[in-house]
Visitor: 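Mind having a look at this structure? Questions to follow.
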Amino acid sequence: MIMDEFRAYDGKCVLVTGGAGCVGSNLTGNLAKAGANVIILDNLSSSYEWNIPEYENIEFVKGDILDDEVLKRVFKERPDYVFHLAAHFANQNSVDNPEKDLLVNGLGILKVLEYAQLVGVERFVYSSSGCGVYGLDSKIPFEEHDISISLHTPYQVTKLLGELYTNYFHNLYEMPIVNARFFNVFGPGEVPGKYRNVIPNFFYWAMNQQPLPITGDGSETRDWTFVEDIVRGLMAMGVRREAIGEAINLGSGTEHQVIEMAGIINELTENPAGVVYRPRRDWDAKTRLLSSIDKARRLLDYEPQVSFREGLERTHRWFTENWELIRKSAEF
Ligand SMILES: NC(=O)c1ccc[n+]([C@@H]2O[C@H](COP(=O)([O-])OP(=O)(O)OC[C@H]3O[C@@H](n4cnc5c(N)ncnc54)[C@H](O)[C@@H]3O)[C@@H](O)[C@H]2O)c1
Ligand SMILES: O=c1ccn([C@@H]2O[C@H](COP(=O)(O)OP(=O)(O)O)[C@@H](O)[C@H]2O)c(=O)[nH]1
């Protein structure tokens, strides 16, 4: 996947907070392949060390973004680029633990920005969220200007807050920030669990031959985006000048229904148990999420490469190859 422009990372120091997670483990592997010296700062609160790619140019520092001592240690390396992915994840977790959510996603990003400002980074890329910034009053497909401040979970509030902080550092200190608005990411690297996304959890239950619980009527849609496409978009955001100061959607630009996704997963895993219907989650007001990716195409030459079906097949392969580790790690 290495394109010519990603050679800009060769020999550079890149800090990835949350680099052991789903997106982070895929991003750090590709940065390492591009020749970067990668530092992962992650407290493993929602990820596993076995998931970190093994390259000699990846250093893993176990620690918390709220801990000044560990922040001083990683910023002493004077990173050229920061990808800030660490977060308290995600909606249901934030409804259950709203104060922790604010601490990590609010105070956490503020601290990382303060240290990034002190050392003077070439780029600070923040992983914002489509579900966090667009609301019921935003027009579908969501364009970057059409944001909402009528949100439904603490996580959505704090993902938006993160953008307000990055914009503030850009406006006052001219920090070269980019706000990457991910739509529902899926793919190898996301271990199932109580607070994880639907696709890894459906694979887990299907591989255990359990029925897949559809929370709603199954007609709900999401703009599921394969993690490798997200990584290509992120790496372009790190090097493209046109991206500085911008918020840019990273999605697939297509939507699929939950019932379709469940059917493919049951087919791939040969799960005879089918689906069961459960009530919609009380905070889950957005029955459709769909990105416009025109801006990403224009500014980044971004083009999703992996179809939904192929992405699910590749995720299934990862589950099969890592089943014992996944089975031991998944907590519900
Ligand atoms: N996955 C999605 O569908 C999606 C969609 C929109 C936005 N995002 C955002 O993208 C980023 C990455 O998402 P992901 O799916 O890889 O999530 P993830 O939970 O797999 O990764 C987040 C990582 O941050 C780490 N972390 C949490 N709190 C920390 C702390 N206090 N200090 C240090 N590390 C900490 C976790 O251990 C984990 O490895 C997050 O910021 C998330 O909000 C994800
Ligand atoms: O156990 C579950 C969890 C989620 N969903 C559906 O899957 C979609 C995506 O849910 P997820 O929690 O992965 O992401 P989010 O709702 O935060 O976008 C939503 O339409 C949910 O209704 C589901 O049917 N069963």
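Order of appearance sets the numbers: ligands from 1, and atoms from 1 within every ligand. Since this is a predicted model, take the numbers as computed values, not measurements.
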Visitor: Heavy atom to atom 33 (C) of ligand 1, shortest distance: which of Thr225, Val61, Asn43, Thr158 holds it?
Guide: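 Ranked by closest heavy atom to atom 33 (C) of ligand 1, first place is Asn43.
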Visitor: Does Leu66, backbone or side chain, put an N or O under 3.5 Å from an N or O of ligand 1?
Guide: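 No, since none of the N or O atoms of Leu66 sits under 3.5 Å from an N or O of ligand 1.
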Visitor: Return the closest protein heavy atom for atom 28 (N) of ligand 1 as residue, atom name and distance.
Guide: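 Of every protein heavy atom, Ser45 OG, 3.5 Å lies nearest to atom 28 (N) of ligand 1.
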Visitor: Does Arg280 have a non-hydrogen atom less than 4.0 Å from ligand 2?
Guide: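 Heavy atoms of Arg280 never come under 4.0 Å of ligand 2.
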Visitor: Should one rank Pro200, Ser46, Gly21 by closest heavy-atom distance to atom 36 (C) of ligand 1, which comes out on top?
Guide: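 The nearest heavy atom belongs to Ser46.
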Visitor: Hey, which atoms in ligand 2 end up nearer than 4.0 Å to a heavy atom of Glu220?
Guide: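 In order of numbering, the contacting atoms are 20 (O).
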Visitor: I want to confirm something. Looking only at heavy atoms, which of Val185, Ile259, Thr215 is nearest to atom 24 (O) of ligand 2?
Guide: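 It is Thr215 that holds the nearest heavy atom.
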Visitor: Any nitrogen or oxygen of Leu85, side chain or backbone, less than 3.5 Å from one on ligand 1?
Guide: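 For ligand 1, there is an N or O atom that lies under 3.5 Å from one belonging to Leu85.
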Visitor: Who's the nearest protein heavy-atom neighbour of atom 20 (O) of ligand 1, and how far?
Guide: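 That would be Cys22 N, 2.9 Å.
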Visitor: Give me the ring orientation class for Tyr168 and Tyr165: parallel if the planes are under 30° apart, tilted from 30 to 60°, perpendicular past 60°.
Guide: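 If you compare the ring of Tyr168 with that of Tyr165, the planes turn out perpendicular.
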Visitor: Does Asn184 approach ligand 2 within less than 4.0 angstrom via side chain, backbone, both or neither, non-hydrogen atoms only?
Guide: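 It is the side chain that touches ligand 2; the backbone stays farther off.
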Visitor: Counting each atom of ligand 1 from 1 as listed, which ones have a heavy atom of Gly63 under 4.0 Å away?
Guide: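 Listed by number with element, the hits are 32 (N), 33 (C).
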Visitor: Is there any N or O on Arg222 that sits under 3.5 Å from an N or O of ligand 2?
Guide: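 Yes - when backbone and side-chain N and O of Arg222 are compared with those of ligand 2, one distance drops under 3.5 Å.
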Visitor: Tell me the protein heavy atom at minimum distance from atom 37 (O) of ligand 1, and give that distance in Å.
Guide: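 Looking at atom 37 (O) of ligand 1, the protein heavy atom closest to it is Asp42 OD1, 2.7 Å.
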Visitor: Measure the distance from atom 42 (C) of ligand 1 to every protein heavy atom, then report the residue, atom name and distance (to 0.1 Å) of the closest one.
Guide: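 Residue, atom and distance for the closest contact: Tyr155 OH, 3.4 Å.
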Visitor: Please compare Ile65, Leu289, Ile109, Val133 and report which has the shortest non-hydrogen distance to atom 32 (N) of ligand 1.
Guide: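 Ranked by closest heavy atom to atom 32 (N) of ligand 1, first place is Ile65.
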Visitor: Run the numbers for me: atoms of ligand 1, each under 4.0 Å from some heavy atom of Asn197, listed by number.
Guide: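 Listed by number with element: 1 (N), 2 (C), 3 (O).
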Visitor: Any idea which atoms of ligand 2 are less than 4.0 Å away from a heavy-atom of Pro213?
Guide: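 Ligand 2 atoms under the 4.0 Å threshold to Pro213: 1 (O), 2 (C), 23 (C), 24 (O), 25 (N).
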Visitor: Please write down residue, atom name and distance for the protein heavy atom closest to atom 44 (C) of ligand 1.
Guide: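 Minimum-distance protein heavy atom for atom 44 (C) of ligand 1 reads Phe89 CE1, 3.7 Å.
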Visitor: Flag the pair Arg280 and Glu220 as a salt bridge only when some basic side-chain nitrogen lies within less than 4.0 angstrom of an acidic carboxylate oxygen.
Guide: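 Salt bridge present between Arg280 and Glu220.
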Visitor: Pairs of nitrogen or oxygen atoms closer than 3.5 Å, one from Ile214 and one from ligand 2: do any exist?
Guide: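 No; the residue has no nitrogen or oxygen that sits under 3.5 Å from a nitrogen or oxygen of the ligand.
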Visitor: Give me each pair satisfying ring-ring contact (aromatic ring centres under 6.0 Å, His included) with a member in residues 239-275, each pair once, sequence neighbours excluded.
Guide: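 Found His256-Phe308.
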Visitor: When only distance counts, is Trp224 in polar contact with ligand 2, meaning an N/O pair under 3.5 Å?
Guide: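 By distance alone, the answer is no.
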Visitor: Ignoring angles and geometry beyond distance, decide whether His84 reaches within less than 3.5 Å of ligand 1 through its nitrogen or oxygen atoms.
Guide: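 No, no N or O pair falls under 3.5 Å.
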Visitor: So, regarding Val185 and ligand 1 (criterion: nitrogen or oxygen to nitrogen or oxygen, under 3.5 Å), is there a contact or not?
Guide: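 Yes - when backbone and side-chain N and O of Val185 are compared with those of ligand 1, one distance drops under 3.5 Å.
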Visitor: Is the shortest N/O to N/O distance between Asp64 and ligand 1 below 3.5 Å?
Guide: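 Yes, there is a polar N/O contact under 3.5 Å.
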Visitor: Looking only at protein heavy atoms, which one is nearest to atom 7 (C) of ligand 1, and what is the separation?
Guide: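 Scanning the protein heavy atoms, the shortest distance from atom 7 (C) of ligand 1 goes to Ser128 O, 3.3 Å.
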Visitor: What residue and atom, counting heavy atoms only, is the protein's closest point to atom 17 (O) of ligand 1, and at what distance?
Guide: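 Of the protein heavy atoms, Arg196 NH2, 3.5 Å lies nearest.
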Visitor: For ligand 1, note which part of His88 has a heavy atom under 4.0 Å away: side chain, backbone, both or neither.
Guide: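 None of His88 does.
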Visitor: Taking everything shown except Arg309 itself, do over 12 heavy atoms lie less than 6.0 Å from its CZ?
Guide: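 It does: Arg309 CZ has more than 12 such atoms within range.
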Visitor: Is there a polar contact between ligand 1 and Val23, counting only N or O atoms under 3.5 Å apart?
Guide: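 So ligand 1 has an N or O lying under 3.5 Å from an N or O of Val23.
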Visitor: If you have a sec, work out which protein heavy atom is nearest atom 5 (C) of ligand 1 and how many Å separate them, to one decimal?
Guide: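 Residue, atom and distance for the closest contact: Phe182 CB, 3.8 Å.
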Visitor: Looking at Glu324 and Arg327, is there a salt bridge between them, counting it only when a charged N and a carboxylate O are closer than 4.0 Å?
Guide: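 Salt bridge present between Arg327 and Glu324.
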